[in-house]
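Quick note on labels: first sequence line is chain A, next is B, and so on, each numbered from 1. Because the structure is predicted, anything quoted here is derived from the model rather than measured.
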Amino acid sequence: MILEDLLFSFGAEIIHYEKNEILFREGDFPLYYFQIRKGSVKLNNYDEHGKEFIQHIASAGESFGESNLFIDQPYPVNALSIEKSIIIRSTKSGFLKLINTHPDILSNINQYLAERMYDTYIRLYNLSFQHSIDKLKLFLDYLKRPHNDTTLYSFQIPMTRQQLASLTGLCVETVIRTIKHMEKKEMVRIQNGKIFY
DNA sequence: TCATTAATTCGCC
DNA sequence: GGCGAATTAATGA
């Protein structure tokens, strides 16, 4: 993430989005750098039947779409706000000018992209798992990793079963059945429908 | 508070 | 595992 004032001095602007607004579409040519001040944005695709696959959910403080500014390729994903959000948006030229005059920023971006790539490897490996229980367990581990407390049931999954399904490639019913099964095995706890891991 | 929409769950194939 | 319907939760007027 880049200091907001620095972005503003290179012409960035603030944009407010309501829930479910499209920031860009798959196939669009990348024109901006995006950074989230408040809210969250999902990067997704839809398969031929319209089933959603979520590649990533970016939250406050995170940037997205920046890797496409370094390559001459259209976006491979859609970006949609999943809640009311405030986004800092810089044009591609403003962003490139910024990193040219502030090369130190590049190492931050590098670090961030490296972390994202690390996540991508884990998620990709995860998708190859055969059984839904293994898929969900590894995915929950992945979610809990940044959480400082590793105690059992200390982490409330901050997303809906629908979202879990779209993130793991499973269908909602399978997520519901598997989570219940995991509860029987004392791998998770369910309280008021909320999942604790 | 009531109506609408989204999410969850259940029964069945 | 996935469809359709029933139930429940969330959202908004």
Next item on the list: Mind running a 4.0 Å heavy-atom check of residues 131-142 of chain A against DNA chain B and sending the residues that fall below it, in number order?
Entry: none
Note to self: For Ser154(A), is there any backbone N or O sitting under 3.5 Å from a side-chain donor or acceptor partner on Thr151(A)?
What the structure shows: no
Next item on the list: Check the distance between dA6(B)'s P and Asn20(A)'s CG and give it to me in whole angstrom.
Entry: 8 Å
Notebook entry, point to check: Near DNA chain C, under 4.0 Å by heavy atom, which residues of residues 37-55 of chain A?
Noted result: none
Check: With Arg116(A), which residues qualify under side-chain contact (heavy atoms from CB on, under 4.5 Å), at least two apart?
Finding: Leu43(A), His56(A), Tyr112(A)
Margin query: I'd like to check the ring pair (Phe, Tyr, Trp, His ring centres under 6.0 Å) partners of His147(A); sequence neighbours left out, ordered by chain and number.
Written below: Phe155(A)
Margin query: Taking ring pair (Phe, Tyr, Trp, His ring centres under 6.0 Å) as the cut-off, I'd like each qualifying pair that reaches into residues 164-191 of chain A, sequence neighbours left out, listed once.
Written below: none
Item checked: Side-chain H-bond candidate by donor/acceptor type, Ser63(A) with Glu66(A), under 3.5 Å -> yes
Margin query: What verdict does the salt bridge (charged side-chain N to carboxylate O under 4.0 Å, His left out) test give for Lys137(A) and Asp141(A), after you've listed the backbone C-alpha separation in whole Å, the side-chain angles of each residue and the deciding distance to 0.1 Å?
Written below: CA-CA 6 Å; Lys137(A) 177 168 188 322; Asp141(A) 282 335; 3.1 Å; yes
Item checked: Counterpart residues, salt bridge (charged side-chain N to carboxylate O under 4.0 Å, His left out), relative to Glu115(A) (two or more places apart) -> none
Next item on the list: Could you pull out all residues at least two apart from Arg189(A) that satisfy side-chain contact (heavy atoms from CB on, under 4.5 Å)?
Entry: Tyr153(A), Gln191(A), Phe196(A)
Check: Using 30° and 60° as the class limits, which term best fits the ring planes of Phe34(A) and Phe24(A): parallel, tilted or perpendicular?
Finding: tilted
Item checked: Nearest-angstrom distance from the residue atom CE of Met159(A) to C1' of dA6(B) -> 17 Å
Item checked: Closest contact, heavy atoms only, Leu138(A) versus Ile122(A) -> CD2-O, 4.4 Å
Item checked: chain A contact limits on DNA chain C, taken 5' to 3' with a cut-off of 4.0 angstrom to heavy atoms -> dG1(C) to dA10(C)
Notebook entry, point to check: Does Ile15(A) have any side-chain contact (heavy atoms from CB on, under 4.5 Å) partners at least two apart in sequence or in another chain, and if so, which?
Noted result: Glu13(A), Tyr17(A), Arg89(A)
Checklist line | Results of side-chain contact (heavy atoms from CB on, under 4.5 Å) for Lys184(A) - residues two or more places apart only | finding: none
Margin query: Are more than 12 heavy atoms, taken from residues, nucleotides or ligands other than Arg145(A), located less than 6.0 Å from that residue's CZ atom?
Written below: yes
Next item on the list: Please work out which residues in residues 163-171 of chain A have a non-hydrogen atom less than 4.0 Å from an atom of DNA chain B and list them by number.
Entry: none
Item checked: Neighbours of DNA chain C within residues 175-197 of chain A, by heavy-atom distance under 4.0 Å -> Arg177(A), Lys194(A)
